[in-house]
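None of the values given here were measured: they were computed from a predicted structure. Below, chain A is the first sequence line, B the second, and so on; all start at residue 1.
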Amino acid sequence: MKEKLQRINEYLWLVPKAVRKGMRVNAVILANEADMAMIEEEAINQLTNVAMLPGVVEPVMAMPDAHWGYGLPMGAVGVFDPEQGGIISSGMTGFDINCGINLIRTNLGAAMVKQKLRELVDEAFKAIPCGVGARSKLKLSIDELKEVLKQGMKWALSRGYGCAEDLEHTEEHGAMDGADPSRVSELALKRGRDQLGTLGSGNHFLEFQEVVEIFDKDTAKEWGLEKGKVCVMVHCGSRGLGHQIATDYLKIHEKAATRYNIQLPDKQLACAPINSPEGQDYFKAMKCAVNYSFTNRLIITHWIREVFERVFGKKWRELGMYTVYGLAHNICKKETHTIKGEKREVYVHRKGATRSFPGLPVLIAGSMGTSSWVMKGTEEAMQLTFGSTAHGAGRVLSRKAAIKKYWGGRVKQEMESAGRIVRAANMKVLAEEAPGAYKDVDAIIETVHQARVSLKVAKLVPLGVIKG
Amino acid sequence: MTKEFEFVDDLTSDVLFRAYGKTLEQVFENSAKALFSIICEIEQLEPTKSFWLEIEAESHEELLYEWLSRLLAESEIRGLFFSRFVVSIEGNKLKARVYGSKADPKIGKVQVKAITKYKFGLVKQNSLYVATVSCDI
C-alpha cells in the first residue's frame, strides 16, 4: 500500500480513493518520512477501511503516531456526516473511552521536590489505588454512580472533590451533555461502581514531572507553566465501565450494521447510522463513560493534592496546584467544522488523537520515563485535521518482545540511576512499558509542530513515576 | 499431553493467544486460563471462592466470546482473580463453576480491557479444538 501513497508536501501523504475499490473518500497521513517508515501497512489498510463507510467526510486522517488498532488505527480521526447517512462506531472510538490526561501544575521547584521525591512517590502510590485488581476507596451506590455518569465532574465538585477552576480547565468542562445512564448495561454499572478513583494498569500512569523547556513564553505564562517547576500528569481512562460499554455496543452495532445494510470491511468497525436508535443510544452511553473518566481523573487529582499537602505541610492552593488542562484521547464528539467552505455538524471519532482547537491546550504523553509535552491548538488543525493532533508515542515492540528484551528490575534500576523514582504494582509492567518499547515522542512532536497542527509550549520530563 | 495454550507474538500493542482442547469444554477452560495468566500470576492463586455462571449464545464461537468477556466483567465486579474453571456445554448453552481468590494487585499483572474480534475464532482441526483470541490491553 505504501508505494501507492502520493506525497502532498513534506508532512502530508495522500491515500487516494482509487487505491481500493469501495473507498468513498481519500485518506491523508500527517507524517514526515521517518514517521511514515514506522507506520505499519496494516494501519494504512485500516484507514482505507474507514474510508469505505457511509457518510464518511474527506479525509480519513492519520497522525504521525498512528499504529495498528482495532478497526481504526490508534492516532487517527474518522469524521461522519449525519445528513449524508453517516455512522457512529463503538469500534472506532475504542475500548478505553476517554482515556486521557490531566496536568496539574505546582509552584514548587524541582530541586525542592527532589528532596522529598521518594516520600512523595511512596505516599501517592499508597493514596491512589493502581494496578489490576485495585479497588476504589469510594463506595458508591448504583444510583449515585448514575449521577456521576450524568453530571461528570460537577458531581465530584458537589461532593467536595476539586474546585470550579478544574472544570473550567477541562475539555467539555468535565461533562458531556446528554449522557444517559439508562443506555448503560447493568454489567457496565457494576464494573464501574468500585473503580472510580483508580488508575488502572498497562500504559496508564501518574508522573511527577519537571518543566525543562519553554517554547512559547506568553502561553506558558498564561497557563501557569514555569521552567524548573514541577507538574503532575495523570493518564487513565473510564476503567471497566467504559470497557463494558464498548463491548456491549460492539455487539449491538454488529447487528445494526446488518439491519441497516452497512457493508463492514472489518468487523471491528461495527457501527450504526448516527440517526438511528442504535447510533444515538451508543452516543448517550459513550458520554456516560466520558463523564466517568473525567470524574475519575479529578478524584485522583484531589488525592494527589492531599498527598502534596501532607508531604509539604501546606494547603494545595498555597502550593499552586491548579489544573493546567484535562482532555480526552479516545472520544467521539459532535462538532461544527467547515467542510468545502460550508459549516457542517459532524461526528468526529478521535482514537489516540487529541483535540487541537485554536488557542486551547493540547497534552501529549510520552512513554514511561520519556518527555511529555504541552502544546497549543491551531487554526491550521481546523483546516487540516478536523481540529486534531497526535496523542503520544505508540508502541514499536510487542509486550511479549518487551518482556523478552527488558527485565522490570533493570528498567527500574536504570530509571533510578538517572535520578527518577519508580513504583509499580508489578515489575513485569515496567518491562512491558520500558521506554525502548515505544516510539520517540519528541520526533512525533516535531512533526506536528512543523506541520502546525499543534505548537510547542513546554516540555516536561519525569522525576517520579507510578505505574499501575 | 496437549498444550493448554500459547501466546503468539502477533500484536504490537496487545496480546493474542491460542488455546487448545480435545473437547469444547476443555478449549473453553484453557482459553479462560490463558486469559487470566495475562491478568495475574495465575500459578500463585489458591482458589478460595467459587460461583456458577450460565451463558447462552447463537454459536459456539459467540459463546466463547461471551464466556471470556463475561469472565473479565465478573473478575472486576467480584474483585477476584480466577484460576480454575469447570465447564459443561449443551448445545449453545454453557454452565461453569469458576474458582478464584481475592484480586491482589501484588500478583496482578496487566488489565485486559476487552476481548476483541481481531482474528477471533474457534475451529476444530482434526480432533483438536483451537481458539484464537486477541485481548485489548
Side-chain angles (χ1 to χ4, degrees), chain A residues 40 42 67-71 74 91 94-96 99 129-135 185 187-195 200-204 237 239-244 246-248 250-251 254 266-268 270 394-401 404 425-429 432-433 437 468, chain B residues 6-17 35-42 44-45 55 57-58 61-62 65-66 68-82 100-121 134-137:
Chain A
E40 313 104 309
E42 293 92 326
H67 63 92
W68 183 92
Y70 296 103
M74 292 300 291
F95 288 105
D96 201 355
C99 179
C130 61
V132 58
R135 290 169 95 77
S185 72
L187 214 53
L189 292 169
K190 284 185 181 170
R191 274 180 90 168
R193 184 163 63 171
D194 292 332
Q195 292 185 339
S201 70
N203 64 350
H204 293 159
R239 314 286 290 110
L241 179 120
H243 309 159
Q244 190 65 45
T247 300
D248 292 339
L250 263 175
K251 277 184 274 179
E254 222 176 278
D266 175 357
K267 252 187 177 183
Q268 297 162 104
R395 294 189 77 92
V396 281
L397 278 186
S398 72
R399 290 174 188 280
K400 196 177 168 188
K404 236 185 246 172
N426 184 303
M427 279 296 162
K428 272 191 189 153
V429 174
E432 285 187 10
E433 296 295 321
Chain B
E6 63 185 332
F7 292 101
V8 183
D9 211 354
D10 174 277
L11 291 164
T12 310
S13 311
D14 296 318
V15 177
L16 187 139
F17 66 79
L35 176 61
F36 278 87
S37 71
I38 300 167
I39 295 170
C40 63
E41 307 283 359
I42 195 168
Q44 291 184 31
L45 283 188
I55 302 169
E58 285 167 10
E61 194 172 282
E62 276 306 303
Y65 182 83
E66 291 294 327
L68 297 174
S69 298
R70 184 68 179 276
L71 285 174
L72 285 181
E74 294 292 338
S75 167
E76 291 183 18
I77 291 165
R78 295 170 188 267
L80 300 173
F81 289 149
F82 306 136
S101 57
K102 191 173 179 294
D104 178 355
K106 283 183 192 141
I107 57 161
K109 283 155 75 178
V110 72
Q111 182 152 38
V112 173
K113 290 173 185 163
I115 307 300
T116 84
K117 290 284 174 87
Y118 173 73
K119 292 193 176 177
F120 186 86
S134 56
C135 304
D136 188 14
I137 304 290

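Taking the side chain to side chain donor-acceptor pair (under 3.5 Å) definition, one finds that B:T116 meets it with B:S134, sequence neighbours left out. Residues passing the side chain to side chain donor-acceptor pair (under 3.5 Å) test with A:E432 are A:R399, sequence neighbours excluded.
In this structure, chain A has no heavy atom under 4.5 Å from any part of B:F120. Using a 4.5 Å cut-off between heavy atoms, B:R78 touches chain A through its backbone atoms (N, CA, C, O) alone. Looking at B:L80, neither its backbone nor its side chain comes within 4.5 Å of chain A, counting heavy atoms on both sides. Heavy atoms closer than 4.5 Å to chain B are found in the side chain of A:R239, but not in its backbone. Interface residue B:K106: only backbone heavy atoms are found under 4.5 Å from chain A. For A:R135, the part lying under 4.5 angstrom from a heavy atom of chain B is the side chain only.
Residue with the most contacts toward chain A among B:I39, B:V112, B:D136: B:D136 (heavy-atom pairs, distance under 4.5 Å). The most heavy-atom pairs under 4.5 Å with chain B, out of A:R193, A:K251, A:K267, come from A:K251. Note: A:Q268 leads A:K190, A:E42, A:Q268 in heavy-atom pairs under 4.5 Å with chain B. The choice from B:S75, B:C40, B:A103, B:P105 that makes the most heavy-atom pairs within less than 4.5 Å of chain A is B:P105.
Contact of the B:D14 side chain with the B:Y118 side chain is not registered, since no non-hydrogen atoms from C-beta on lie closer than 4.5 Å.
Classification of B:E62 and B:R70 as a salt-bridged pair fails, no side-chain N sitting under 4.0 Å from a carboxylate O.
A distance-only check finds no donor-acceptor pair linking the side chain of B:E66 to the backbone of B:I55 [under 3.5 Å].
The distance from atom CD of B:Q111 to atom SG of A:C130, rounded to the nearest 0.5 Å, is 12.0 Å. Residue A:H243 holds its NE2 atom at 12.0 Å from CD1 of B:I115, rounded to the nearest 0.5 Å.
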